[in-house]
Amino acid sequence: MTPGAQLLPLLVAISTAVAAVVTSDAPTKTLSPATGDATLAFVFDVTGSMWDDLMQVIDGASRILERSLSSRSRVIANYALVPFHDPDIGPVTLTADPVVFQRELRELYVQGGGDCPEMSVGAIKAAVEVANPGSFIYVFSDARAKDYHKKKELLQLLQLKQSQVVFVLTGDCGDRTHPGYLVFEEIASTSSGQVFQLDKQQVSEVLKWVESAIQASKVHLLSADHEEEGEHTWRIPFDPSLKEVTIALSGPGPEIEVRDPLGRVLQTDEGLNVLLNIPDSAKVVAFKPEHPGLWAIKVYSSGRHSVRISGISNINFRAGFSMQPSLDLNHTIEWPLQGVPISLVINSTGLQAPGHLESVELSHSSGRSLLTLPTQLLSNGSTHQLWAGPPFHVPKERFYLKVKGKDHEGNPLLRVSGVSYSAVAPGVPLVSMAPKIHGYLQQPLLVSCSVYSTLPFQLQLQRDGERLGEERYFQESGNSSWEIPRASKAEEGTYQCIAVSRAGSGRASAQIVITDPPPQLVPGPNVTVSPGETAILSCQVLGETPYNLTWVRDWRALPATTGRISQLSDLSLEVRSIIPTDGGQYQCVASNPNGVTRATTWLLVREAPQVSINARSQRFSQGVEVRVSCSASGYPTPHISWSREGLALPEDSRIHVDAQGTLIIQGLAPEDAGNYSCQATNEVGTDEETVTLYYTDPPSVSAVNAVVLTAVGEEAVLLCAASGVPPPRVIWYRGGLEVILAPGDSRSGTLRIPEAQERDAGLYTCKAVNELGDASAEIQLVVGNAPRLTDPPQDVTVELGKSVFLTCRATGRPPPIVTWRRGDGQALEPGRGSRTGQRDSGVLVFERVSLEDQAPYVCEARNVFGKAQAEARLVVTGHAPPQIANSASVVRVLEGQPVSLTCVILAGRPLPERRWLKAGSPLPPGNRHAVRADGSLHLDRALQEDAGRYSCVATNVAGSQHRDVELVVQVPPRIHPTSTHHVTNEGVPASLPCIASGVPTPKITWTKETNALTTSGHYSVSRNGTLVIVQPSPQDAGAYVCTATNSVGFSSQEMWLSVNTKPMIKMNGSQAVDVPLRVTVKAGEEVTLDCEAQGSPTPLLTWTKDANPLLPVTNRYELLPSGSLRLAQAQVGDNGLYGCTASNPAGATSRRYVLRVQVPPQVQPGPRVLKVLAGEALDLNCVAEGNPQPQLNWFKDGMALMGEGAQGSVHFAAVKTSDAGLYRCEASNSAGTDTWKLELLVLEPPHWGTDETKSLLERVAGENASLPCPAQGTPKPRITWRRGPSSEPLNGRPDVAVLDEGSLFLSSVSLADSGEYECQATNEVGSASRRAKLVVYVPPSIREEGHITNVSGLAGQPLTLECDINGFPAPEVAWLKDGQLRQVDIASWMAPGPSTSLGSKRAILASIPARLRIRRGAPRETSILLCSSLPPCWELGPLRRCLAWLVLM
């Protein structure tokens, strides 16, 4: 792997530094080869399966770099390497050092594997981004792209960079229809690249081709992609500037054929160089076109394939797109905009005037033309021409630009863009402003914004939503500013710059802040001093605001006191003991809280001039321009002047000094050589430097005669004219060896060879050499002698028609050329019946000698040293006029049979020439007539037009003879084809034509059904054979046969006659035709309207509805084969008058129907349940639709209601509960019945019945109690019980239940349940309530009943007996003493005691102080007192008692 990603910024910085060094203006000592500006980029898949590929790429890269570096015109400026392995891309290596590139390539290591799709598109994009425009990018992978969705950005970037992407694939994940593979083909097509599918071992072969593919001045001639197999041929003009052409074909089974403008196929041994040949995937060939013109390129592939044709030429173009024609290609955009008219700007380079462009074609990748635009010249520069086309709308398809024109010699010119283009939707304007603009009070303020837009736009400035100033209109991107003359606090706020175009709007905001201005400075005057003096630099600050002031020089603040420099009390700067380095710019800087202000003043130190010249001497050649730079330092600025040899140098149009002191001499001549002095003068002094110009002229040499002819033994003089300063020395070479010259001859340029011999002949080189270089010229020395005839021609006699030749041999040096001519002055050309020509040099051949060949002939041998000639005569003997044998004067033949017309020549010398004529004229051209070896004229198939008079003519030099023969071609009868089917209407005469031809003329007869027809009143046959039937009837229909007969055969033809009969529609019964038939059908049912018609031909049936044509175009209509019309589902809209018309050529008839579609009633649905309050008025309305109008009836609980109101309505003046029930509305007609059911609920609010029960209920504790709530109402009321003032219902208590009839049931009541209860009845109509009272009685009870308590008391003392009693109502208490009431002589009274519960009471028996009334002397006694609770007047239960023992002591 390459080093970590942290090295990328360093590599970029290094490459930038290298680029800066390359482009610097520093002088170089040696002349370096020209370096291009393209990048060679390798994008490599480093998954584990790419190991073999990597090894081949490393080896191939070394060869590519070696070839690139050894070439004098280097194409590659730097190198890029982008490895990728899902999900990583990079790190990217970009370097100008090929050694670094190779090292990084070797340090790559492959790893992993298994994941087929890879991040190929992102890696290619990274390579294109770092590469220079016009670069070469090669992608090596064995997988399709995983990130193919990122292709849009990459394709736009390729259009911008105009770079080529070539894919070298050794795999495709098994699916070449996947978008991840198709994106490779789209990238290659866009960039004029290609996709090569290879085996692993074939990568090195492609890299060998890459070596030659990386070329400077590469131009594109064709880019085409084809989805299917096939053969394609292109005719492409190659202009003379094309030095080499390369054809690359990618696809299975590739084949390439190249034909030059003469139609010759270019073979591998004739300059066709095969660079790459992989039979199953790719083929690349290259050649150098020798002839300009239209070349034919034919390719074939057995599958999907792409073709790229490129060349090496200095003529090319670059395209841009603009909303309006622009004279600057930099003001155009790289891609066309979608949906707007756009102009094309073409910048052509290398095209010399009067060369020009004629048109630009927008071409699809398949080669199909999309649009052609004419071009016109915008500007004509020295190195380029700018052309433009009319505005156009960009096609939807991707396209190439195909530029056509002519070069300066008029040769056709063709170039194709290196990338394909597609329309891009224009973006909204991009607006930018400084986020904060700082202004100062009462000073001008500028509000500026910058806008980038591909479309014209309007620009408006707003402040806090309000418009400021006028809206401005711009055609292209630019800047705009608004000025506020005197800023104030009122101008503070948010400002918006809004740009609006057809693509949308863009905006930017800025906050304007206005503050007091910083200090205002008035700079002091510049100070000029001499060395050693003191200078004071001043700076005045205006205003009363406090400030700080410092002095700055060379961007560093000067301390208040430092050596010779100090700041005075008035803040001016004092510089003592001035030295020259003190001179320069000084700044005083004043600052306060509102900002900083700077003012500049100069300290100028007087200094004597010092002159510097860039060179002490220069050499020049005649006609060039020389510039000698002279600069001088010093102050005041020295005045520079030039002199020559001590005299002032006069300036004119050829010699002048520019403002920088540079001496410029144009059109230098030898007399301009000499010493030139540059003098600089100021008030301090003068300085001078001298430069010497030496005139030099590189040697040039030319041959006075490029070829020198010398006879053997004569002196040969070879002359070369050489020039140069200093005068060159001339050296002679022959065959690479120097020829030794006599002293002094090296300056003359003359080589003398006395008594030249044949061995001295050859190529000589004269080389002129001086200290500036050398030049060479070549001279060809030819040493020879005049021709001599070694075998002169002799007179020859030959018989007519024989062959003969004349011989003439000659020698000489150089070998002479032997030619023949006729001695009688006639042209030497073939005579009649003979062939004359020179078989080889010196031999004149005559084949089949004719009398015209008899003449004297002259042989001439010639070379550069002279000629020799001789004459011979050719004599021709033996000839006789032709004789033709007699033959038949008339020949008959059957048409189509072969025939021969004989022409036998009995005599004639020379052999007569035989010709055949027809009607006195030569036979028409063609191959139907053939003259056989025996002279007969033969026809393989005699035709009628061959009949006529033929003549055989025999001719020779002695005369001619002819014989005539008449050819008669007999033709069997043939009936000319006419219509075989004739139609007529019943009663209309019919004609059946029968036109026959033949030789002899045939006779015509007619038959019908094997019966011969004779001319009668019903039938007649005309002269031309036509059968006429006067009054046809249906019985005359049928087949008729016409027969033509002559002596050589007969011919028959069958014809059919159809007799049309008027249509008839079948009718049921005797119904009148003009009375419509009425048809009734229910809606939704199927109905058929019959219309079965008879007639000949079968009548055409058409239907109408209400007089309008009825087109059975829906599923409901169907036209049956019988002609009847079937309606699948009849609807009300189908009502109407239907007409069926049956027509044929014999007439028409019709039938009509009135269709009535009955629709079953449909009741408009209402509510299923209707609730109404008793006593209210109510109307039940029933609405129904149907055809015919339905009858409406109401039913209640199955019983019909007799209503007196409108049909379908039931009226209730005041609804009663008895009206509730189930109602049904029934709608009926002849088509059916429909109902609507309604349940009527009559609502009553809750109320109490007349049998109201008592509202008081009494119960004894422990018994069950039921409080009734007899509520009535509709719907049944919901009962809720509450007790007393409480609002909480009782329903939730466990001992309480509300029964179904609403009663409140309390089980086992207690005294606590006593009280008032409220029953509330509620339904949806209302509510009602009533109160009930429950009284719970508790029987008396005495605590500790049955328990005897002993009580003791003292006589005469108070005594209290307590008795705790419970019960409700409160019980009455009685005390018994010894079982008897009131038999105790003590006072007793009841006192209420503390009550522990409801109904409880304490009974107390208390004594008062008294004496005990006991008889004196009575013994002590013990008494029993009984406390009893007496029951009230009604029975509450058993008597309760308590006992107390009272013991009186």
Side-chain angles (χ1 to χ4, degrees), residues 1163-1183 1192-1203 1205 1208-1226 1234-1257 1264-1307 1316-1334:
V1163 178
Q1164 181 176 336
R1168 297 288 184 182
V1169 177
L1170 181 61
K1171 298 178 180 180
V1172 64
L1173 198 59
E1176 292 183 350
L1178 175 65
D1179 285 305
L1180 298 181
N1181 296 316
C1182 183
V1183 179
L1192 299 176
N1193 295 296
W1194 277 96
F1195 298 85
K1196 180 191 176 189
D1197 299 329
M1199 301 297 293
L1201 296 179
M1202 304 302 293
S1209 295
V1210 177
H1211 177 71
F1212 299 90
V1215 177
K1216 302 185 297 245
T1217 54
S1218 59
D1219 294 327
L1222 184 63
Y1223 288 79
R1224 184 178 85 250
C1225 172
E1226 184 177 274
D1234 191 21
T1235 60
W1236 167 42
K1237 294 181 179 180
L1238 167 70
E1239 182 181 2
L1240 179 63
L1241 300 179
V1242 180
L1243 305 182
E1244 286 183 297
H1247 62 277
W1248 313 108
T1250 55
D1251 55 344
E1252 182 174 341
T1253 59
K1254 295 180 180 180
S1255 61
L1256 177 63
L1257 180 64
N1264 294 335
S1266 179
L1267 298 178
C1269 185
Q1272 298 178 3
T1274 305
K1276 181 180 179 181
R1278 181 170 55 86
I1279 305 300
T1280 305
W1281 282 91
R1282 292 180 176 82
R1283 180 177 178 186
S1286 173
S1287 61
E1288 294 297 327
L1290 297 174
N1291 304 44
R1293 283 175 44 181
D1295 57 341
V1296 175
V1298 179
L1299 303 181
D1300 289 341
E1301 76 277 7
S1303 298
L1304 179 65
F1305 177 79
L1306 294 87
S1307 62
E1316 287 193 352
Y1317 289 79
E1318 183 181 55
C1319 159
Q1320 186 175 32
T1322 306
N1323 65 9
E1324 61 187 81
V1325 186
S1327 65
S1329 63
R1330 62 172 288 179
R1331 293 179 181 272
K1333 186 174 182 180
L1334 173 64

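Owing to the predicted nature of the structure, the values given are computational and were not obtained by experimental measurement. Because only heavy atoms are used, hydrogens play no part in the values below, and waters and symmetry mates are left out as well, while side chains stay in.
Taken from CZ in R1168 to NZ in K1237, the straight-line distance is 8.5 Å, to the nearest 0.5 Å. Taken to the nearest 0.5 Å, the CG atom of L1256 stands 10.0 Å off from the CG atom of L1267. Taken from OG in S1209 to CG in L1192, the straight-line distance is 8.5 Å, to the nearest 0.5 Å. Distance check: L1304 CG to E1318 CD gives 12.5 Å after rounding to the nearest 0.5 Å.
Around the NZ atom of K1171, the shell of radius 6.0 Å holds no more than 12 heavy atoms that belong to other residues, nucleotides or ligands.
Judged by distance alone, with hydrogens and angles left aside, the side-chain atoms of W1194 form no donor-acceptor pair with the main-chain N or O of R1224 at under 3.5 Å. The backbone N or O of P1167 sits less than 3.5 Å from a side-chain atom of W1236, completing a donor-acceptor pair. At least one donor-acceptor pair under 3.5 Å links the side chain of D1197 to the backbone N or O of L1222.
In this structure, S1218 and K1196 approach most closely via the heavy-atom pair O-NZ, 2.8 Å. Closest of all the heavy-atom pairs between C1182 and V1163 is SG-CG1, 3.7 Å. Nearest heavy-atom pair, A1214 versus D1219, reported as atom, atom and distance to 0.1 Å: O-OD2, 4.0 Å. Nearest approach of N1323 to G1273, heavy atoms of both residues: ND2-C, 4.2 Å. In plain terms, the two heavy atoms of A1271 and P1277 that are nearest each other are CB-CG, 4.4 Å. Across all their heavy atoms, T1274 and V1242 have their closest contact at CG2-O, 3.0 Å.
E1176 is not listed as a side-chain neighbour of L1178, based on a closest heavy-atom distance of 4.5 Å or more. Here the side chains of P1289 and R1282 are in contact, with some heavy-atom distance below 4.5 Å. Using a 4.5 Å cut-off on side-chain heavy atoms (C-beta onward), L1201 and Y1223 make contact. Contact annotation: the side chain of L1306 never approaches that of W1281 to less than 4.5 Å [non-hydrogen atoms, C-beta and beyond]. Proximity of T1322 to T1280: side-chain heavy atoms (C-beta onward) are nowhere separated by under 4.5 Å. The closest side-chain heavy-atom distance from P1270 to R1330 is below 4.5 Å.
Side-chain contact annotation: S1307 with N1264, donor-acceptor N/O pair under 3.5 Å absent.
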Next item on the list: Carefully, step by step, assess C1319 and I1279 under the rule side chain to side chain contact (heavy atoms under 4.5 Å, CB included).
Entry: CA-CA 7 Å; C1319 159; I1279 305 300; 3.9 Å; yes
